[in-house]
Every structure is written in structure tokens, then in C-alpha cells.
Amino acid sequence: MTDMLRSDVMIAFAIMTLVTVASRLGGYFMMRYVEVTPRVRRMLDALPGSIIVAAALPVAVNGGPIVMLALGAAIAVSVLRRNDFLAVITGMLVAALARAVGLPG
């Protein structure tokens with residue numbers, strides 16, 4: 001039996017899946033009781049950007065100059081185009097190109 005198909009690993013995957021599904025469904029359930037005022041709407045609209053920043057910040061702190069360059073490009077695209085997906089793609093391309101041309105970091 002391979003390591004990935006061990007019963008304890010499969011049980012852990014199942015529990016993680018159940019917790020993920022429960023938290024997502026719980027969020028939908030709880031939002032039924034929240035009045036969506038303009039203030040709440042602004043908060044919900046800002047959430048995707050906040051999640052990206054929370055995921056990228058630890059990488060930026062430890063990443064070096066190429067990561068800083070890529071994040072700078074992604075932030076610029078996000079501010080100018082208001083498209084998070086395009087910003088992420090731009091950051092990835094800048095990092096790949098910087099590494100391809102041999103920039104240190």
C-alpha cells in the first residue's frame with residue numbers, strides 16, 4: 001500500500017474535506033441572518049483582495065528582490081485594472097521572466 005492510500009491519511013483527508021464544506025456552508029447559513037447594508041457590501045467586496053494580501057505577505061517578507069518586483073507589478077495591475085486574476089497572472093509572469101533572465105534573488 002502506498003503512503004498516500006494509508007487509512008489514517010484517507011481519514012485525515014475526509015475530515016479536512018468535511019471541515020471545509022461545513023465552514024463554507026456555515027458561512028452561507030450565517031449570512032442569511034446578516035442585513036447587507038452598504039457598509040457590509042463594501043466589506044464583502046474588499047474580501048478577495050484581503051485574502052490575496054494575507055497569502056502574499058509572508059512570501060513577500062521572505063522572498064527577496066524578485067518576489068518584491070513581482071508583487072509590485074501585481075499590485076500595479078490590480079490598482080490600474082481592478083482585476084485580481086490579471087494581477088496574479090502578471091505577478092507570476094514577472095517572477096518567471098525575472099528568473100529566466102537571471103536576476104538575483
Side-chain angles (χ1 to χ4, degrees):
M1 182 184 304
T2 67
D3 286 337
M4 196 178 268
L5 294 178
R6 291 187 350 224
S7 62
D8 57 339
V9 174
M10 298 309 287
I11 291 170
F13 282 156
I15 291 171
M16 288 187 287
T17 301
L18 289 173
V19 169
T20 300
V21 169
S23 65
R24 287 180 180 258
L25 291 177
Y28 287 120
F29 176 75
M30 295 297 288
M31 283 304 292
R32 291 190 329 180
Y33 301 104
V34 174
E35 182 181 344
V36 181
T37 63
R39 182 178 180 177
V40 171
R41 171 56 53 199
R42 285 192 306 272
M43 184 268 309
L44 290 172
D45 288 343
L47 216 65
S50 301
I51 292 169
I52 289 174
V53 169
L57 191 59
V59 175
V61 169
N62 297 319
I66 290 179
V67 173
M68 291 298 198
L69 181 66
L71 283 174
I75 289 169
V77 168
S78 181
V79 168
L80 294 173
R81 299 294 304 261
R82 300 276 185 217
N83 185 331
D84 293 334
F85 180 73
L86 186 59
V88 170
I89 296 299
T90 300
M92 290 170 44
L93 284 174
V94 167
L97 288 172
R99 292 188 195 282
V101 298
L103 289 177

All N/O donor-acceptor pairs, side-chain side in residues 74-86, below 3.5 Å, sequence neighbours left out:
| unit_1 | atom_1 | unit_2 | atom_2 | d |
| --- | --- | --- | --- | --- |
| N83 | OD1 | F85 | N | 3.1 |
| N83 | OD1 | L86 | N | 3.1 |

**Asked** Any chance CE of M16 has more than 12 other-residue heavy atoms, nucleotides or ligands included, within less than 6.0 Å?
**Response** yes
**Asked** Are L71 and L57 connected, step by step, through hydrophobic side chains (Ile, Leu, Val, Met, Phe, Trp, Tyr) whose heavy atoms are closer than 4.5 Å?
**Response** no
**Request:** State yes or no: do V101 and V94 share one hydrophobic cluster built from I, L, V, M, F, W and Y residues joined by side-chain heavy-atom distances below 4.5 Å, directly or via other members?
**Result:** yes
**Item:** Side-chain hydrophobic cluster, 4.5 Å single linkage: members besides L25
**Value:** V21
For [X], which residues count as a side chain to side chain contact (heavy atoms under 4.5 Å, CB included) partner, sequence neighbours excluded?
X: R24; value: T20
X: A22; value: none
X: V34; value: M31, V40

**Item:** Atom of V67, atom of A60 and distance for their closest heavy-atom approach
**Value:** CG1-CA, 3.9 Å
**Asked** Closest approach of A70 and G91, non-hydrogen atoms and distance?
**Response** CB-O, 3.2 Å
**Item:** For F29, all residues meeting ring-ring contact (aromatic ring centres under 6.0 Å, His included), sequence neighbours excluded
**Value:** Y33
